[in-house]
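Taking it in order: structure first as structure tokens, then the write-up.
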Amino acid sequence: MTVNREIHLASRPQGWPTTENFRLVETEVPTPGPGQLVVRNQFMSVDPYMRGRMNDVKSYAPPFALDAPLDGGALGEVVAGEADGIAPGDTVLHGLGWREYALVDARGARKVDPDLAPVSTYLGVLGMTGLTAYAGLLDVAAMKPGETVFVSGAAGAVGGMVGQIAKLRGAGRVVGSAGSAAKVERLEELGFDAAFDYHDGPVRDSLRAAAPDGIDVYFDNVGGDHLEAAIGAMRLHGRAAICGMIAQYNDSEPPAAPRNLALVIGKRLTLRGFLVSDHDHLRGRFVQEVAGWLHEGKLSYDETVVDGITRAPEAFLGLLRGENLGKMLVRL
């Protein structure tokens, strides 16, 4: 192959992104220099945080450049170049998705074992997604056995992991919210004690019915009315791990909720935002424990796979609309 196809950011979205914000561009397959690898990508990840990087604003990650390929988690086979411990034929994880062939600095590539688990899991349950759930629940929110946990966006890649890990680590009750009856049914299959469709009524009412005695831990993937409801339901010294706020990523105006932040004082609550990159020290323990649960059949994961680089924008837009169950991936 001599032709490489990439998805470029053609324009910055105003509100909800559309397919017009993306452009398919053909380039030559790159040639590696010293310390570089050419990787034929097999899977790439689309994630909610990418929406923020489409805006030209200062944040924890630099914005995507216009008229240049987007990037993000990807995994593929090394087809050219060599580096310490990495050779053609090896499978590596790296950060240059949204293209069929990536020119990767070898220092930014991590070799994975395709015989240990399906390669896609290194972008999901055994990758950044899984570590986000593990670190957020156990380190940031410091969940203790017997506590009640509420997870928003619970049928997504991170949320489904959070609920299962909470049960495996001894939570007394785990409640999840999701966006459809089918997703609610899936959460019940995954072992959630209660789940509700947030379209069925005010979140605060649904949460009160699902956790009448209140909650101790809230894992936030949504923000907005979910965060407001969680603050209202929290017991004294409750903790929230703020992972994402997808409800407002496409808003052009500041969100109205939460309107009850004063409760943080009297309840002595802790609301803590976090980035998974701050918790890489947990990776070894995380992989060992989660791989064990997978091997023993104690933990399940879902993937929604879209085929083809040309459909990567479609996959991303579907993710923002909640069309995925579990991890949203593009197979290249």
Side-chain angles (χ1 to χ4, degrees), residues 35-37 39 41 43-50 52-53 58-62 64 70-76 78 83-86 90-98 102 104-114 116-143 151 153 156-166 168-169 217 219-221 239-245 270-295 299 301 326-329:
Q36 293 180 322
L37 308 168
V39 180
N41 284 334
F43 286 93
M44 58 165 272
S45 175
V46 291
D47 301 284
Y49 79 87
M50 294 175 177
R53 294 188 63 194
K58 185 176 181 181
S59 184
Y60 63 85
F64 293 127
L70 295 91
D71 58 59
L75 179 144
V78 176
D84 251 356
I86 301 177
D90 288 339
T91 302
V92 296
L93 188 66
H94 61 90
L96 294 179
W98 295 86
V104 178
D105 186 324
R107 293 171 296 181
R110 182 160 60 88
K111 184 176 173 180
V112 299
D113 185 354
L116 182 64
V119 292
S120 60
T121 61
Y122 291 104
L123 289 170
V125 62
L126 289 177
M128 182 184 74
T129 298
L131 182 57
T132 299
Y134 188 91
L137 178 69
L138 302 178
D139 198 26
V140 177
M143 187 210 83
V151 188
V158 172
M161 286 282 292
V162 173
Q164 292 182 86
I165 293 171
L168 288 164
R169 281 297 198 96
V217 169
F219 195 104
D220 191 14
N221 293 303
R239 290 93 61 207
I242 312 298
C243 176
M245 295 192 176
T270 299
L271 313 182
R272 181 180 166 193
F274 75 101
L275 299 178
V276 66
S277 56
D278 298 333
H279 299 272
D280 205 56
H281 62 285
L282 296 175
R283 184 175 297 278
R285 190 178 88 195
F286 150 72
V287 170
Q288 183 178 21
E289 191 164 12
V290 171
W293 287 331
L294 286 170
H295 181 71
L299 190 146
Y301 64 92
K327 182 70 177 175
M328 179 70 94
L329 296 167

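Because only heavy atoms are used, hydrogens play no part in the values below, and waters and symmetry mates are left out as well, while side chains stay in.
No option in V217, V158, V162, D220 other than V162 meets the side-chain contact (heavy atoms from CB on, under 4.5 Å) test with V151. Test F219, F286, F274 against Y134 for ring-ring contact (aromatic ring centres under 6.0 Å, His included) and you get one pass: F286.
Among residues two or more places apart in sequence or in another chain, the ring pair (Phe, Tyr, Trp, His ring centres under 6.0 Å) test is passed with F64 by none. Considering only residues two or more places apart in sequence or on other chains, D84 meets the side-chain contact (heavy atoms from CB on, under 4.5 Å) condition with none of them. Take D280 and apply the salt bridge (charged side-chain N to carboxylate O under 4.0 Å, His left out) test, not counting sequence neighbours, and it matches R283. With sequence neighbours left out, D139 forms a side-chain contact (heavy atoms from CB on, under 4.5 Å) with H279, H281, L282. Under the salt bridge (charged side-chain N to carboxylate O under 4.0 Å, His left out) criterion, R285 pairs with no residue at all, not counting sequence neighbours. Considering only residues two or more places apart in sequence or on other chains, F43 meets the ring pair (Phe, Tyr, Trp, His ring centres under 6.0 Å) condition with none of them.
Side-chain atoms of N41 and H94 include a donor-acceptor pair closer than 3.5 Å. Under the 3.5 Å distance criterion, with hydrogens and angles disregarded, a donor-acceptor pair is assigned to the side chains of K327 and S45.
Of all non-hydrogen atoms in A133 and I165, the two that sit nearest each other are CB-CD1, 4.3 Å. Between D71 and R53 the shortest heavy-atom distance is OD1-NH1, 2.8 Å. The shortest heavy-atom contact between A102 and L96 is CB-O, 3.7 Å. Across every non-hydrogen atom of A74 and L123, the tightest pair is N-CD2, 3.7 Å. Minimum interatomic distance between A241 and G136 (heavy atoms only, all atoms of both residues): CB-O, 3.5 Å. Across every non-hydrogen atom of V119 and P114, the tightest pair is CG1-CB, 3.6 Å.
Rounding to the nearest 0.5 angstrom, the gap separating the CD atom in E289 from the CG atom in L294 is 11.5 Å. Atoms CE and CG, on M44 and L329 in that order, are 9.0 Å from each other to the nearest 0.5 Å. Between the CG atom in L37 and the CG atom in D90 there is a gap of 9.0 Å [rounded to 0.5 Å]. Taking SG of C243 as the start and CG of L137 as the end, the distance is 11.5 Å to the nearest 0.5 Å. The line from CD of Q164 to OH of Y301 is 11.5 Å long, rounded to the nearest 0.5 Å.
When side chains are defined from C-beta on, T129 does not count as touching V125, because their heavy atoms never get closer than 4.5 Å. Considering only heavy atoms from C-beta on, V104 stays 4.5 Å or farther from V92 through its side chain. Considering only heavy atoms from C-beta on, S59 stays 4.5 Å or farther from Y49 through its side chain. Put simply, the side chain of R272 does not reach to within 4.5 Å of the side chain of R239, judged on heavy atoms. Counting heavy atoms from C-beta on, the side chains of W98 and V46 come closer than 4.5 Å. Proximity of L75 to T91: side-chain heavy atoms (C-beta onward) are separated by under 4.5 Å at one or more points. Two residues are said to be in side-chain contact when any heavy atoms from C-beta on lie closer than 4.5 Å; L116 and Y122 meet this criterion.
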Take L138 and R169 through the side-chain contact (heavy atoms from CB on, under 4.5 Å) test and state the conclusion after the steps.
CA-CA 9 Å; L138 302 178; R169 281 297 198 96; 3.7 Å; yes
